[in-house]
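Quick note on labels: first sequence line is chain A, next is B, and so on, each numbered from 1.
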There are 2 protein chains.
Amino acid sequence: MITNKNCIIRLSRYKNALYRLQALGFVKVFSDNLADAVGVTASQVRKDFSIFGISGNKKGGYQIDLLLEKLNNILGKDRLQKVIVVGGGHIGSALMRYRGFEKEGIKIIAGFDIDPAKINRSNPVPILPLEEARIFIKTNGIRIAILAVPDIAAQQALDLICAAGIKGVLNFAPLRLKAPESCIVNYVNLEIELENLIYFVNVAEKTE
Amino acid sequence: MITNKNCIIRLSRYKNALYRLQALGFVKVFSDNLADAVGVTASQVRKDFSIFGISGNKKGGYQIDLLLEKLNNILGKDRLQKVIVVGGGHIGSALMRYRGFEKEGIKIIAGFDIDPAKINRSNPVPILPLEEARIFIKTNGIRIAILAVPDIAAQQALDLICAAGIKGVLNFAPLRLKAPESCIVNYVNLEIELENLIYFVNVAEKTE
DNA sequence: TTATTATTGTGAAAAATGGAACAATATGAT
DNA sequence: ATCATATTGTTCCATTTTTCACAATAATAA
Ligand SMILES: NC(=O)c1ccc[n+]([C@@H]2O[C@H](COP(=O)([O-])OP(=O)(O)OC[C@H]3O[C@@H](n4cnc5c(N)ncnc54)[C@H](O)[C@@H]3O)[C@@H](O)[C@H]2O)c1
Ligand SMILES: NC(=O)c1ccc[n+]([C@@H]2O[C@H](COP(=O)([O-])OP(=O)(O)OC[C@H]3O[C@@H](n4cnc5c(N)ncnc54)[C@H](O)[C@@H]3O)[C@@H](O)[C@H]2O)c1
């Protein structure tokens, strides 16, 4: 079983690159084209494919449409993924207004907020009272949530949605949360991303 | 020279955990406390510290204030980091309104946009016309930028700010950009983050 | 048909990362 | 003052990840 997150991220990148190549009219692709497009080595591309039993043609490369089909299958993109957002503040509402997820087969179908002033049932993505989250998650069989509440509320909100059946969370609050076995939590920590960038810029500056 | 991004991310996490411990009244800390707080092994903590020549006291652990000083120094937090945002749309304005960066010594001092309707010089974080970016970057010696423009505009905007002297970019547009040697580009790709989460949730579901 | 060539698929090598173990040693107890 | 103990710092080991290298082979050309 593959536990290598970077490998899966590369699969997503291959997929995105393939769509671009396809849009440019290409029908087949070689491992080194894809490597260039994504910024890895050609060996890495072939190795990644071989891990998932994806094969191409000796001397013929890979047929883009078939490759995309397989990648999409691995990445679970063969069905629409319904996602909710908890917290309709700055980040939460930016995400709910973003159209880019849909072309990836990811649809944010509702937001939830504790603040009555944020509730709006007639939005393209309705924002509902937090009390309704539990039943909404259960009724619609939602598995994935984005957590965009203030730091202080994050653990409590996580507990609530996990209890309701959420299986995966993308958390924007910059702190480590405790989740049950049944739920995977991934972190987007923009402070740390910036700090990291600053570190490497400083290093580059010193060594130049 | 350290090229291990994960290692630097851990330093940020140690730092954050130390502030929390300090706020709770702790004065010293042992490698295993910190390991617990951050979710790594105690060996890892000590190894990370040793890489950067940080030492504690046999049997005495590490003194939190000294440790923080050293970590902050390594992470370049001994001086305020001024950052600009290019693109004042959904993501860009969420970031500009976010107060959380300041407590990390990161200050967004201006935004830039191509759309005249977005310009606002009297905002807490002013949004200025893109034409002014070049001179602003040079005058203020800005090194770090956040790129939050539509995908189609990202490469062009990157070229502009790199030419003006930007050394590090955190890019939100979901595509690979070409940057000169002088500029590091890191990516925040939320589509891929979600895709990744979905993959691992699917795997967990299948193997349970 | 046969030779040539380009490209895959993979096993082996290398590099990077992380973890375990333990000697060294400072602290506190007796 | 001596001993016992806790914790670091570092070496060594295991694992993971990436790269290398090349045999296998399909496509093309002669
Ligand atoms: N805005 C940014 O640019 C940014 C950047 C980095 C990190 N973050 C993090 O993202 C999180 C959200 O930030 P934000 O700027 O969107 O905050 P925000 O204050 O704008 O929005 C938070 C929203 O959550 C709602 N809320 C509070 N408690 C809730 C609960 N228990 N359940 C449901 N909703 C609840 C609030 O009513 C509010 O609408 C924070 O943890 C923040 O640290 C934000
Ligand atoms: N909003 C989200 O939740 C979200 C999520 C994932 C990724 N993204 C990515 O982030 C980027 C920004 O998304 P958004 O939703 O904020 O878009 P947006 O359309 O709301 O905002 C983009 C802003 O950039 C400005 N702009 C356009 N060209 C410019 C240029 N050359 N220089 C400066 N400013 C320019 C526009 O006037 C607009 O104000 C996009 O690449 C998008 O794919 C956004």
Taking any heavy-atom pair under 4.0 Å as a contact, classify B:F49: base, sugar-phosphate, or nothing.
nothing

Examine D:dT17: is either OP1 or OP2 under 4.0 Å from a nitrogen or oxygen in the side chain of A:Q44? Give yes or no.
no

Residue B:Y62, side-chain atoms from C-beta onward, closest of D:dT8, D:dT18, D:dC22:
D:dT8

Just jot down the ring pair (Phe, Tyr, Trp, His ring centres under 6.0 Å) partners of A:F101, sequence neighbours excluded, or say none.
A:Y98

Evaluate whether atom NZ of A:K178 has more than 12 neighbouring non-hydrogen atoms of other residues, nucleotides or ligands under 6.0 angstrom away.
no

Test side-chain hydrogen bond (donor to acceptor under 3.5 Å, both in side chains) applied to A:S31 - qualifying residues, sequence neighbours left out:
A:R46

Where the side chain of A:N186 meets the backbone of A:L170, is there a donor-acceptor pair that is under 3.5 Å apart?
no

For B:K47 and D:dC12, give me the distance from atom NZ to atom P, rounded to whole Å.
12 Å

Atom CD1 of A:I51 and atom C1' of D:dT19: how far apart are they, to the nearest Å?
13 Å

D:dT8, OP1 or OP2 - any side-chain N/O from B:S31 closer than 4.0 Å?
yes

Specify the separation, in whole Å, of atom NZ of B:K5 and atom P of D:dT17.
17 Å

Is a side-chain donor-acceptor pair under 3.5 Å present for A:Y14 with A:D48?
yes

Using the closest heavy atom to pick a nucleotide of DNA chain C for each, name whichever of B:K59 or B:V40 lands nearer the 5' end.
B:V40

Just checking B:T3: base, sugar-phosphate only, or nothing, at a heavy-atom cut-off of under 4.0 Å?
nothing

Given DNA chain D, 5'-ward residue of the pair A:N57 and A:S43, judged by closest heavy atom:
A:S43

Heavy atoms only, 4.0 Å cut-off, all strands: where does A:T41 land among base, sugar-phosphate and nothing?
sugar-phosphate

Please find the earliest and latest nucleotides of DNA chain C, in the 5' to 3' direction, that have an atom within less than 4.0 Å of any heavy atom of chain A.
C:dT5 to C:dA12

Counting the atoms with a prime plus P, OP1 and OP2 as sugar-phosphate, which does A:N4 contact under 4.0 Å by heavy atoms, base, sugar-phosphate, or nothing?
sugar-phosphate

With a sphere of 6.0 Å drawn around CD of B:E69, does it hold more than 12 non-hydrogen atoms of other residues, nucleotides or ligands?
no

